[in-house]
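Heads up, the thing below is written out as structure tokens.
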There are 2 protein chains.
Amino acid sequence: MPQTMTSADLRIHNQARLLRAVHDAAEPFTRAEAARLLGIGRNTAAALVGELEQARLLHEVPAESGARGRPTTMLVPHPEGPLAFAVDFREDTWTLASVELGGAITELEDGEHDRTPKAFADIRAAVARHETGRLAVLGFATSGPIRDGHRLHISHLGWDEVEVRDLIGDGWPATVIDNDARLAGLAEARRGALRGLGTAMHFHIDFDIGGTLLLGGDAQRGAHHIAGEFGHMPLTGSALECMCGVRGCWSLDVGANALVRRFGGETGYGTGRELAQEVLRRAEAGDAEAGEAVDANAAALGRGLGALANALDPEAISLSGLGVDLIRLRRGLIEENCAASLMAFRRDEPPRIAAGTMGEAGPLTGAAEIAWDAILTPVWLRERL
Amino acid sequence: MPQTMTSADLRIHNQARLLRAVHDAAEPFTRAEAARLLGIGRNTAAALVGELEQARLLHEVPAESGARGRPTTMLVPHPEGPLAFAVDFREDTWTLASVELGGAITELEDGEHDRTPKAFADIRAAVARHETGRLAVLGFATSGPIRDGHRLHISHLGWDEVEVRDLIGDGWPATVIDNDARLAGLAEARRGALRGLGTAMHFHIDFDIGGTLLLGGDAQRGAHHIAGEFGHMPLTGSALECMCGVRGCWSLDVGANALVRRFGGETGYGTGRELAQEVLRRAEAGDAEAGEAVDANAAALGRGLGALANALDPEAISLSGLGVDLIRLRRGLIEENCAASLMAFRRDEPPRIAAGTMGEAGPLTGAAEIAWDAILTPVWLRERL
DNA sequence: GAGCTTATGTTCTCACCTAGAACATAACAA
DNA sequence: TTGTTATGTTCTAGGTGAGAACATAAGCTC
């Protein structure tokens, strides 16, 4: 319990609260509003903001006066303030972006990669091309579980527990890394469909299902940093064996693999995504067989969600990837099957099921969030101020 | 964000940290140790403790000097300090206890009840018989989900969403209430088998399975206060319909009902517990049919635990109720089946599965914890100091 | 048993923080 | 032009923990 609290810590604490409020706010606000929001006096707010402006963390710009009263200033990110960089490392491509306080994203560069760990060197080079003194922390989103936060396993790239410290080490800026599905969920919780909820869940449906439990706006990581493999619970009674080594996984019935299998395509990671999209298109166009496959997918999705809702009682569930298509095409079927899996007494208050609002930007946005989480800490601020 | 922080709040904050440290400590400690623990100076520690002694929250007693140095004092609960009362409301009986800072429990009274809400009046009367000015908060453990924290449903008593505010209202001391399975888990996380773990789970196995996810020593409640119905996920492929209204629940294969069903007994709540115990005894004595029933129960338990571990990645799982017997009789079978349900890459680090150490006292202990949680808050302390 | 060592208690000064009141200021409104 | 309103600014006061210096009470050593 070494979180000592001295008078000076108090100042840092309140400044961190202020910066966090600016970062999290949907709309920028004025200094006077900040004082009310934090429950501090106008004088104290002036002092806090003044120091943060000195430290180039906040900037005050005149607010257009709409009402009476003496004009005030808006609190905006400082134009020379720290930046988070965010990387989304996908199957064949990556994106690098810069994110300022408040979450505004500027895409800097993207590229393809050859599916080998060399990709990280390319990304490092791209970071270097855009690096300025303003770069504070880099957030990195990748697929695959990252055991204990440093052993990265990406099956569709054939990476078997690659040591993250060998990929991101000397020469890199301060970096935080996490799983894309979890970060997509975090993005929804912070800035998307799950904003403001105490208990929520997010699932990314691709070849299989990855997800995360979001509590108080934070994504849960588990004891070994590998929580979230909801797709590998036997929720729908499949008799097949999953490539994860278990029989009956939910993912066998939901996602691209399930669609592909139905049409004799080759399941597994990295192939068949187009076929799955084709199935969706044909289903939308009225093809009966494709429609049945999508029906089965949606029904299995709903059944699993209901089961999970019994256990974890989320207020809402958001979906990304294929889940967005399934909601668009088969919302009713998902909700019916979810209700059927819900304990009867819960059916009058089912979890809200919605498409995530972050779309493709989810992992990148989540990566930016964990980077900013690392910045907006008392420790970091003490250094800076 | 109204959690303002003024200099006075700072003092309260540090005093709360100190009291929390005393409450949570496995062994009492001295004032000098407290200073080191909290990272504050000896002078500050003296001031904090002095005020807490004034407020009759802490008491200093001379520590027996074993080493060199000037003798110091142990920090112990004040003999006239606040007390939490805790109630465990079970199927036919209840227990009332008094719990002091640090968690020491003194049983005050127990009784039977007639399964009607009148029981609460009896309990209130018992509280009154022991009530002193020292009673601060009452923690109440009951079975059944408590929707939104106030709509209590106990199926084996035939209580259908009874309004808690009608049972516990005017004339009651400040009361906090929660579910017995969740509180048993909380007790394990605070003072039992799950102490100190960041991510853990607890399951109470009776007629069916109730449980809770424990994160950072806190039991998760969900959006509607009804998280934890892990027994009502279809984890083991049962074809039966559950009384919860869903088909295939895990609870159909694990727990007393599953044992009873196998022997033609009447399943359901409130009956058959003796038969289940009888089956366990016969299995232990070598009876083949009973042994198979227990095997099936243990295997299904293990399979479900593995599936949940994939999703939530607990460091350890503790069990209470029938789970203790199953671990005693069939630990190997549980662990094998858990491993078989774990994704292959996790099998080298399976969750530790252990019997809870709180035994029957789990719900009562957990009820005391939530009561003390309500006391050890800045708001309550500000009133008192 | 005297003197040394060690750990803790106690006292005092200092730097820091926020609250609150009083006053100043810059817009809008009548 | 004058009043109203919301905000900025300044100053004082009360409270808090840090740190240094000193005091104290034990054990340890010779």
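Just so we're on the same page: letters track the sequence lines, and every chain starts at 1. Note that the structure is predicted; figures quoted are calculated from it, not measured.
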Exercise for the section: Write down the distance between CD (A:Gln15) and C1' (C:dC16), rounded to a whole number of angstrom. Expected result: 13 Å

Handout entry: Protein-nucleotide distance (B:Ile12, atom CD1; D:dG15, atom C1'), rounded to Å
Key = 12 Å

Practice task
Using whole Å, report how far CZ of B:Arg382 lies from C1' of D:dG15.
Solution key: 14 Å

Handout entry: C:dT18 phosphate, OP1 or OP2, under 4.0 Å from A:Asn14 side-chain N/O
Key = yes

Practice task
Could you run through nucleotides 1-9 of chain C and give me one letter per nucleotide, 5' to 3': B if any protein heavy atom sits under 4.0 Å from the base, S if only the sugar-phosphate is that close, - if neither?
Solution key: ----BBBBB

Practice task
Round to a whole Å and report the spacing from CG of B:Leu48 to P of C:dT10.
Solution key: 14 Å

Practice task
Round to a whole Å and report the spacing from CE of A:Met5 to P of C:dT18.
Solution key: 10 Å

Practice task
Output yes when at least one side-chain N/O atom of A:Thr44 is less than 4.0 Å from OP1 or OP2 of C:dA19, else no.
Solution key: yes

Practice task
Kindly determine whether A:Asp148 and A:His225 satisfy side chain to side chain donor-acceptor pair (under 3.5 Å), including the steps that lead there.
Solution key: CA-CA 5 Å; A:Asp148 303 315; A:His225 209 272; over 6 Å; no

Problem - Derivation of the side chain to side chain donor-acceptor pair (under 3.5 Å) call for A:His150 and A:Arg165 - result: CA-CA 7 Å; A:His150 64 91; A:Arg165 288 184 281 240; 3.3 Å; yes

Problem - Electrostatic pair A:Arg190:A:Asp373 at N-O distance under 4.0 angstrom - result: yes

Fill in the blank from the handout: Assign each of B:Asn43 and A:Ser7 the nucleotide of DNA chain C bearing its closest heavy atom; nearer the 5' end lies the nucleotide of B:Asn43

Exercise for the section: Spell out, as yes or no, whether a donor-acceptor pair under 3.5 Å connects the side chain of B:Thr175 to the backbone of B:Pro173. Expected result: yes

Problem - Nucleotide D:dG17, atom C1' - distance to NE2 of B:His13 in whole Å - result: 13 Å

Problem - A:Gln220 side chain vs A:Thr212 backbone, donor-acceptor pair below 3.5 Å - result: no

Exercise for the section: Could you tell me whether the side chain of B:Glu188 and the main chain of B:Met358 form a donor-acceptor pair under 3.5 Å? Expected result: yes

Practice task
Send over the distance from B:Asp9 CG to C:dA19 P, rounded to a whole Å.
Solution key: 8 Å

Completion exercise
Rounded to whole Å, the CG-P distance (B:Leu10 to D:dG14) equals 19 Å

Problem - Pair A:Arg134 + A:Glu80: basic N to acidic O under 4.0 Å - result: no

